[in-house]
Amino acid sequence: MSDTVPAHRYTPELAQQIELAWQDRWEAEGTFRTPNPTGPLSDGFERVADRPKAFLMDMFPYPSGAGLHVGHPLGYLGTDVTSRFLRMDGHNVLHPMGFDAFGLPAEQYAVQTGQHPRVTTEANIAAISAQLRRLGVDHDTRRTFATIDPGYYKWTQWIFTQIFGAWFDTVAGKARPIAELVAELDAGTREPDTNPFDRPWAELTEVERRQVVDLHRLAYLNQAPVNWCPGLGTVLSNEEVTADGRSERGNFPVFRRPLTQWMMRITAYSERLLTDLDRLDWSDSLKQMQRNWIGRSTGARVRFGDIEVFTTRPDTLFGATYLVLAPEHPLVEALTADAWPADADPRWTAGAATPAEAVAAYQLQASRRSELDRQAEGREKTGVWLGTTAVNPLTGADLPVFVADYVLTGYGTGAIMAVPGEDTRDFEFAEVFGLPVVRTVQPPEDFAGGAYTGTGPMINSSNDRLSLDGLDKAAAIATVTGWLVANGYGEATTTYKLRDWLFSRQRYWGEPFPIVYPVDGPDAGLPVAVPVQQLPVLLPDVDDYSPKTFADDDATSAPEPPLSRATEWTTVELDLGDGPRTYRRETNTMPNWAGSCWYYLRYLDPADDERFVDPELEAYWMGPRSEGDVGGVDLYVGGVEHAVLHLLYARFWHKVLFDLGHVSSEEPFRRLVNQGYISAYAYTDARGFHVPAADVVERDGGYFYEGAPVDREYGKMGKSLKNVVTPDEMTAAYGADTFRVYEMSTGPLEQSRPWETKAVVGSQRLLQRIWRVVVDEVTGEVRAADEAPSIDTLKALHRAVDGVRDGMTTLRFNIAIARITELTNHLTQTYGQSGPVPRQVCEWLTLLVGPLAPHLSEELWSRLGHTGSSAWASFPVADPAYLVDDTVQIAVQVNGKVRAQLDVPADADAAALEAVALADPRIAELLVGKTVRKVVAVPGRLVNVVAN
RNA sequence: GCCCUCGUAGCCCAACCGGCAGAGGCAGGCCCCUUAAAAGGGUCCCAGUGUGGGUUCGAACCCCACCGAGGGCACCA
């Protein structure tokens with residue numbers, strides 16, 4: 001019966017009481033309020049003024065209706081433990097949390113439930129906030145906000161106007177205010193990078209100048225083929241489309257369709273985004289993903305008459321036997337011949353009467369095909385001939401020019417020189433169309449045929465002006481590139497796979513653009529930024545916030561933003577400095593990545609209505625720490641799935657803000673760690689349906705549900721697998737501290753791991769034993785006594801401190817917990833279950849476990865007679881004197897095999913070790929009749945005698 | 001196809017800069033406590049590091065190849 005349980009045992013019930021009480025007290029006392037050096041949140045800064053700062057954060061959650069399962073808090077607890085450790089170890093720690101709340105899922109959930117997205121989103125935020133509070137995390141809740149708060153998105157919109165108001169100076173390699181561009185154009189010290197008009201700047205009308213300037217902005221309107229997803233009713237960025245041509249969210253087909261959309265000129269930052277990766281403390285795999293996505297490749301541009309191609313293999317130019325343009329290439333129309341020649345190959349003409357007909361039909365077909373179709377057709381090469389040829393600048397040969405969809409618009413120049421001898425894709429095309437293959441790289445003897453993409457000496461690459469024969473690849477590239485430059489046929493160049501970021505969405509639940517267009521006048525339709533005094537542009541309430549969606553495969557449909565239906569809102573009279581005028585508002589909204597691009601900055605200064613962040617606060621929390629340091633958040637923890645979305649976009653915005661002088665840090669996230677995933681077993685019955693995993697029992701090596709055998713599988717925790725475990729269930733059964741310790745004990749933070757509810761009891765037992773060291777569970781008396789610990793106990797104590805610090809600083813909390821467990825086991829054995837325990841032992845144990853089990857730590861600290869919070873007590877420091885033994889046991893090996901164990905003084909040097917080892921009778925016996933060739937002695941470790 | 005990460009007891013995981021493979025937990029066995037069970041305490045058990053080579057006095061660790069798992073990219077010229 002329960003009356004046999006000691007009255008003062010640390011049971012789940014007691015843990016609950018303690019936890020709820022301390023959570024209330026933390027809130028009431030503002031224990032985790034982090035003071036800023038200046039401004040409205042600076043109360044109490046004196047207390048921490050001389051401490052180093054530490055800014056830790058998680059990727060903030062997207063509040064879905066399902067709430068958190070036990071997988072979500074893994075990262076949150078990792079930063080929480082680190083935050084608490086650093087605070088105890090003398091840092092001024094900032095550990096905030098917010099909510100990413102605009103975007104498709106919230107909108108879809110709202111449509112399903114028939115409620116306004118703000119209602120459902122705010123309810124979800126409240127639910128998740130309660131879950132987080134119950135876990136005992138030390139967030140400074142004064143700094144919490146959601147991206148949907150008008151006070152926040154006002155500044156998201158303002159940053160947009162900054163990007164809109166800037167251009168990228170390729171000479172300076174940085175963004176500058178657009179006014180400086182206009183000034184330089186007016187002064188004649190600079191020519192426009194792009195100018196669609198035939199006349200120079202000085203001769204343009206004011207409206208034409210506006211149009212030229214608009215083409216230079218970092219946020220610009222562009223008509224180009226974009227990813228149109230009829231199933232979602234919106235366009236998407238490249239990052240949101242999967243490799244098989246579907247929407248990442250919803251898995252709908254995506255079509256390439258020319259539309260006018262807002263773009264962000266992230267490509268201007270390709271090189272800096274790439275090279276600055278080297279200055280970040282991120283995992284190699286994550287950096288690699290960004291490098292792949294940016295996709296730099298070096299090569300040459302080569303001109304074949306009017307057609308300019310990009311190639312990474314200019315060395316194979318002698319083998320180029322035809323050219324290919326992308327279907328959307330701007331020169332296609334102009335280059336198309338009037339008629340086929342009499343002897344036109346029927347394979348090249350697609351049976352059309354004229355080249356124009358063939359090309360038009362092919363272009364139409366290409367535009368209607370989704371990205372998925374393009375790949376689904378087994379990559380069979382298709383295309384048509386333009387009826388024209390271009391001259392190979394090296395061989396003088398006439399090369400037929402094709403249009404084919406295996407060449408992509410927007411990469412390189414959208415045109416290629418085809419070298420079927422050395423390129424697999426070109427070879428496939430050449431086979432279908434009967435085009436000649438010229439080998440310019442010598443394949444090995446046993447080469448099977450087809451395109452040879454390996455290395456070898458150049459062949460068939462000579463004429464009277466140039467010879468590459470016999471050269472290796474690098475030398476051939478250098479030679480031919482030099483020749484092309486010298487003769488005006490091309491130049492060396494670098495291209496990137498990264499495309500500009502498509503920034504507008506035809507959805508309701510997002511930040512409105514701070515952009516209006518004059519309705520009348522000569523400048524009608526040209527975009528104008530809404531000035532900061534008139535921000536935020538509030539998202540209007542509308543009757544129907546659902547997007548206009550279409551049949552999944554309706555490629556010809558066109559987007560229709562829900563805001564365009566809010567007629568009261570779209571037309572507005574404003575005075576933007578030139579008197580009241582009528583404007584039409586931009587009705588697209590921003591993608592949900594916008595709000596997460598800068599939220600880390602807002603934590604620093606969450607209520608500021610005058611600026612997006614106080615520069616002094618940015619410099620304090622984010623600024624570079626030394627010459628060449630990029631600055632940024634000291635530890636950012638989140639899932640790897642954001643490798644090329646959020647993390648790339650946020651870096652881009654941050655660099656723009658840096659260039660414009662708004663922040664002092666060059667990068668947003670100095671150190672980034674991807675926490676592992678928690679997976680769980682799931683079970684299927686004989687029909688293949690998932691059964692509730694919680695009710696499956698293991699017996700005789702098999703698994704059973706309601707008596708019937710079931711099959712076990714392993715996967716992500718989720719509703720469909722019926723294997724969800726929530727933190728609420730765990731805190732109800734064991735308490736938050738046990739849950740925290742369990743999650744942290746299962747491996748290093750980066751490691752993915754299985755969830756095992758039945759193993760949680762191990763962490764419960766550990767906390768019970770720690771409690772028992774400090775509190776007599778029968779009497780409830782504190783056991784701390786004024787006596788000195790034995791030398792053994794001191795050594796165990798200091799060793800534990802050393803190990804726990806190591807685990808905490810390297811995010812290997814499992815090691816920290818193991819050291820605490822060892823210490824606890826030592827103390828349990830030494831001091832039993834009752835009677836006095838030296839006070840230092842009680843206090844250090846209490847503090848060591850503090851970051852991991854903060855409520856337990858507070859309770860014990862308080863019972864030990866302290867009035868302040870243990871969260872602000874100093875973390876114990878190990879004395880190195882207790883970490884070393886006077887004597888150490890070393891192994892003596894003969895030829896690498898351990899043959900003896902010897903106790904030697906800890907400070908014995910190599911010579912002494914060697915002498916002792918060779919003098920040992922067992923070793924001496926083994927060496928009889930042998931010659932000692934070498935003795936390796938490593939002080940403190942071992943001796944290895946090599947003999948034969 | 002290319003790139004990245006990772007393979008250590010039945011399971012999750014430790015092992016410093018290349019130096020005696022085992023810290024911790026789960027599961028399992030036994031003992032104590034208990035009328036009994038649970039809870040609690042104590043104690044024991046189990047691998048030679050995916051495979052095959054190489055470097056080294058010495059390899060879980062470094063190198064090569066292969067196998068397996070997970071992830072990223074992929075008609076990017």
Side-chain angles (χ1 to χ4, degrees), chain A residues 1-2 4-6 9 11 243-244 283-293 295 297 299 309-313 316 324 374-375 379 381 404-408 410-413 415-419 422-426 428-429 453 495-499 640-641 643-644 674 677 698 701 741-742 745-748 750-756 758-766 768-769 772 777 803 806 812 814-822 824-825 828-829 832-833 889-901 933-938 940-947:
Chain A
M1 293 303 291
S2 59
T4 62
V5 174
R9 172 162 294 174
T11 59
D244 57 354
S283 73
D284 287 339
S285 61
L286 196 68
K287 289 183 181 179
Q288 196 60 35
M289 282 188 228
Q290 291 220 340
R291 283 192 197 107
N292 286 344
W293 192 260
S297 50
V309 307
F310 171 72
T311 179
T312 57
R313 296 293 304 274
T316 63
V324 185
R374 256 181 142 166
Q375 316 229 347
R379 299 186 175 178
K381 294 291 181 286
D405 67 3
Y406 84 92
V407 173
L408 307 174
Y411 180 74
T413 61
I416 62 156
M417 64 176 208
V419 186
E422 277 88 36
D423 184 282
T424 312
R425 299 150 301 184
D426 296 343
E428 288 165 7
F429 189 89
T453 55
T495 65
Y496 303 86
K497 274 161 59 180
L498 185 67
R499 313 291 168 82
V640 71
E641 68 273 16
V644 294
N674 293 122
Y677 289 105
E698 182 178 359
V741 169
Y742 172 71
S745 72
T746 46
E750 296 96 319
Q751 185 118 22
S752 288
R753 61 203 76 178
W755 177 263
E756 213 180 346
K758 67 178 182 181
V760 178
V761 67
S763 301
Q764 171 79 20
R765 286 182 193 142
L766 171 63
Q768 280 180 346
R769 272 178 280 151
R772 197 150 42 219
E777 61 180 15
D806 181 34
R812 294 180 301 165
N814 54 322
I815 304 183
I817 293 167
R819 296 291 91 82
I820 291 172
T821 308
E822 283 175 303
T824 306
N825 291 346
T828 300
Q829 282 159 27
Q833 306 206 11
Q889 194 175 54
I890 62 156
V892 182
Q893 299 178 335
V894 176
N895 293 333
K897 287 198 168 68
V898 178
R899 298 298 189 186
Q901 299 281 349
R933 301 289 174 191
K934 187 173 180 181
V935 178
V936 181
V938 183
R941 298 262 181 214
L942 53 59
V943 178
N944 189 15
V945 183
V946 185

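Protein chains get the first letters and strands the later ones, always in sequence-line order, with residue 1 at the start of each. Note that the coordinates shown come from a computational prediction; the quantities given were computed from them, not determined experimentally.
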Chemist: Can you name the atoms? Protein N/O to nucleotides 71-73 of chain B N/O, anything below 3.5 Å, with the distance.
Modeler:
unit_1	atom_1	unit_2	atom_2	d
rC73(B)	O2'	K497(A)	NZ	3.3

Chemist: With a non-hydrogen cut-off below 4.0 angstrom, is S297(A) in contact with a base, only sugar-phosphate, or nothing?
Modeler: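 Contact class for S297(A): sugar-phosphate only.
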
Chemist: Does the side chain of V419(A) come within less than 4.5 Å of T311(A)'s, by heavy atoms?
Modeler: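 T311(A) vs V419(A): side chains apart.
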
Chemist: Could you identify the nucleotide paired to rC46(B), looking across every strand shown and requiring Watson-Crick or G-U wobble geometry with both distances under 3.5 Å?
Modeler: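 Across all strands, not a single nucleotide pairs with rC46(B).
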
Chemist: Are the side chains of R819(A) and D806(A) in contact, using a 4.5 Å heavy-atom criterion?
Modeler: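 Of all side-chain heavy-atom pairs linking R819(A) with D806(A), none is under 4.5 Å.
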
Chemist: Work out how far the P atom of rA69(B) is from that of rC63(B), and round it to whole angstrom.
Modeler: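 About 23 Å, rounded to a whole number of Å.
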
Chemist: Does N825(A) form a side chain to side chain contact (heavy atoms under 4.5 Å, CB included) with R769(A)? I'd like the steps, not just the answer.
Modeler: CA-CA 8 Å; N825(A) 291 346; R769(A) 272 178 280 151; 2.3 Å; yes

Chemist: Nearest 0.5 Å, what's the OH-CZ distance between Y411(A) and R499(A)?
Modeler: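 Those atoms lie 8.5 Å apart.
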
Chemist: Tell me which of S285(A) and G412(A) sits closer to the 5' end of RNA chain B, going by the nucleotide each one is nearest to.
Modeler: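 It is S285(A), whose closest nucleotide lies nearer the 5' terminus.
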
Chemist: For Y406(A), is the NZ or CZ atom of K381(A) found under 6.0 angstrom from the centre of its six-membered ring and inside 45 degrees of the ring axis?
Modeler: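 Cation-pi check for K381(A) and Y406(A): passes.
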
Chemist: Give the intermediate values and the outcome of side chain to side chain contact (heavy atoms under 4.5 Å, CB included) for residues D426(A) and M417(A).
Modeler: CA-CA 9 Å; D426(A) 296 343; M417(A) 64 176 208; over 6 Å; no

Chemist: CG/N674(A) to OG/S285(A) distance, rounded to the nearest 0.5 angstrom?
Modeler: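 The distance works out to 6.5 Å.
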
Chemist: Please give the nucleotide sitting opposite rC73(B) as a Watson-Crick or G-U wobble pair, both distances under 3.5 Å, or none.
Modeler: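 For rC73(B), the partner nucleotide comes out as rG1(B), under the 3.5 Å rule.
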
Chemist: Verify whether one side chain among Q288(A) and R291(A) offers a donor that lies under 3.5 Å from an acceptor in the other.
Modeler: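 Q288(A) vs R291(A): donor-acceptor pair found between side chains.
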
Chemist: If the sugar-phosphate is the primed atoms plus P, OP1 and OP2 and the base is the rest, what is the B/S/- string for nucleotides 6-19 of chain B, using protein heavy atoms under 4.0 Å?
Modeler: ------SSSSB--B

Chemist: Could you tell me the Watson-Crick or G-U partner of rC61(B), where both distances fall under 3.5 Å? Say none if there is no partner.
Modeler: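 When the pairing criteria are applied, nothing turns out to pair with rC61(B), so the answer is none.
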
Chemist: Indicate yes or no for a side-chain donor-acceptor contact from Q290(A) to the backbone of A643(A) under 3.5 Å, with no hydrogens or angles considered.
Modeler: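 Flag set: sc Q290(A) to bb A643(A) pair under 3.5 Å.
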
Chemist: Dump the intermediate steps for side-chain hydrogen bond (donor to acceptor under 3.5 Å, both in side chains) on R753(A) and T746(A), then the final yes or no.
Modeler: CA-CA 7 Å; R753(A) 61 203 76 178; T746(A) 46; 2.9 Å; yes

Chemist: To the nearest angstrom, how far is D426(A) atom CG from rC75(B) atom C1'?
Modeler: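 Rounded to the whole Å, the gap is 10 Å.
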
Chemist: Can you work out whether V945(A) or S763(A) has the more 5'-proximal nearest nucleotide on RNA chain B?
Modeler: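 In this pair, the answer is S763(A).
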
Chemist: Base, sugar-phosphate or nothing for A818(A)? Non-hydrogen atoms, less than 4.0 Å.
Modeler: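 Contact class for A818(A): base.
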
Chemist: Who does rU56(B) pair with, Watson-Crick or G-U, both distances under 3.5 Å?
Modeler: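 Per the H-bond distance test, none.
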
Chemist: Can you tell me how far OG1 of T824(A) sits from CD1 of I817(A), rounded to the nearest 0.5 angstrom?
Modeler: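 The distance works out to 11.0 Å.
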
Chemist: Would you kindly give the CG-to-P distance between L498(A) and rA74(B), to the nearest whole Å?
Modeler: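 Nearest whole value for this atom pair: 12 Å.
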
Chemist: Please report the distance separating the P of rC66(B) from the corresponding atom of rU43(B), rounded so that it comes out in whole Å.
Modeler: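 Roughly 49 Å separates the two P atoms.
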
Chemist: Distances under 3.5 Å between protein N/O atoms and the N/O atoms of nucleotides 40-44 of chain B, please, pair by pair.
Modeler:
unit_1	atom_1	unit_2	atom_2	d
rG40(B)	OP1	R765(A)	NE	3.2
rG40(B)	OP2	R765(A)	NE	3.2
rG40(B)	O4'	R9(A)	NH1	3.3
rG40(B)	O3'	R772(A)	NH2	3.0
rG41(B)	OP1	R769(A)	NE	3.2
rG41(B)	OP1	R772(A)	NH2	3.0

Chemist: According to a strict under-4.0 Å criterion, is K934(A) in side-chain N/O contact with OP1 or OP2 of rC57(B)?
Modeler: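 Checking rC57(B) against K934(A), a side-chain N or O does come within under 4.0 Å of OP1 or OP2.
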
Chemist: Quote, to the nearest angstrom, the C1' distance that separates rU55(B) from rG18(B).
Modeler: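 Here rU55(B) and rG18(B) have their C1' atoms 12 Å from each other.
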
Chemist: Taking atom CZ of R812(A) and atom CD of Q751(A), what is their separation to the nearest 0.5 Å?
Modeler: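 So the gap between those two atoms works out to 11.5 Å.
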
Chemist: Taking the same atom, P, in rA60(B) and in rG7(B), what whole-Å distance lies between them?
Modeler: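 To the nearest whole Å, 14 Å.
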
Chemist: OP1, OP2 of rG25(B) versus side-chain N and O of Y742(A): anything below 4.0 Å?
Modeler: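 Checking rG25(B) against Y742(A), no side-chain N or O comes under 4.0 Å of OP1 or OP2.
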
Chemist: Show your working on side chain to side chain contact (heavy atoms under 4.5 Å, CB included) between L766(A) and Y742(A) and close with a plain yes or no.
Modeler: CA-CA 10 Å; L766(A) 171 63; Y742(A) 172 71; over 6 Å; no

Chemist: Between rC6(B) and rU51(B), how far is it from one C1' atom to the other, in whole Å?
Modeler: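 Their C1' atoms lie roughly 16 Å apart.
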
Chemist: Where does rG40(B) land, syn or anti, given syn is within 90° of 0?
Modeler: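 With its glycosidic angle more than 90° from zero, rG40(B) counts as anti.
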
Chemist: Under a 3.5 Å cut-off for both contacts, is rC26(B) paired Watson-Crick or G-U wobble with anything, and if yes, with which nucleotide?
Modeler: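 rC26(B) is paired with rG10(B).
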
Chemist: Take atom P in rC3(B) and the same atom in rA15(B), then report the distance between them in whole Å.
Modeler: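 My reading of the P atoms in rC3(B) and rA15(B) gives 29 Å.
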
Chemist: Work out how far the P atom of rC30(B) is from that of rC45(B), and round it to whole angstrom.
Modeler: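 The answer is 15 Å between these two P atoms.
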
Chemist: Tell me the partner of rC16(B), counting only Watson-Crick (N1-N3 plus N6-O4 or O6-N4) or G-U wobble (N1-O2 and O6-N3) with both under 3.5 Å; none if nothing fits.
Modeler: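 The base-pairing partner of rC16(B), which may sit in any strand shown, does not exist here.
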
Chemist: On a whole-Å scale, what distance lies between the P atoms belonging to rC32(B) and rA36(B)?
Modeler: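 The same atom, P, in both gives a distance of 11 Å.
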
Chemist: Please give, in whole Å, the distance from rA74(B) C1' to R291(A) CZ?
Modeler: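 Value for this atom pair: 19 Å.
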
Chemist: In whole angstrom, what separates D423(A)'s CG from rA74(B)'s C1'?
Modeler: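 Answer to the nearest Å: 14 Å.
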
Chemist: For K381(A) and rC75(B), what is the distance between atoms NZ and C1' respectively, to the nearest whole Å?
Modeler: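 To the nearest whole Å, that distance equals 5 Å.
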
Chemist: If you round to the nearest 0.5 Å, how far is CZ of R772(A) from CD of Q833(A)?
Modeler: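 Separation between the atoms: 5.0 Å.
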
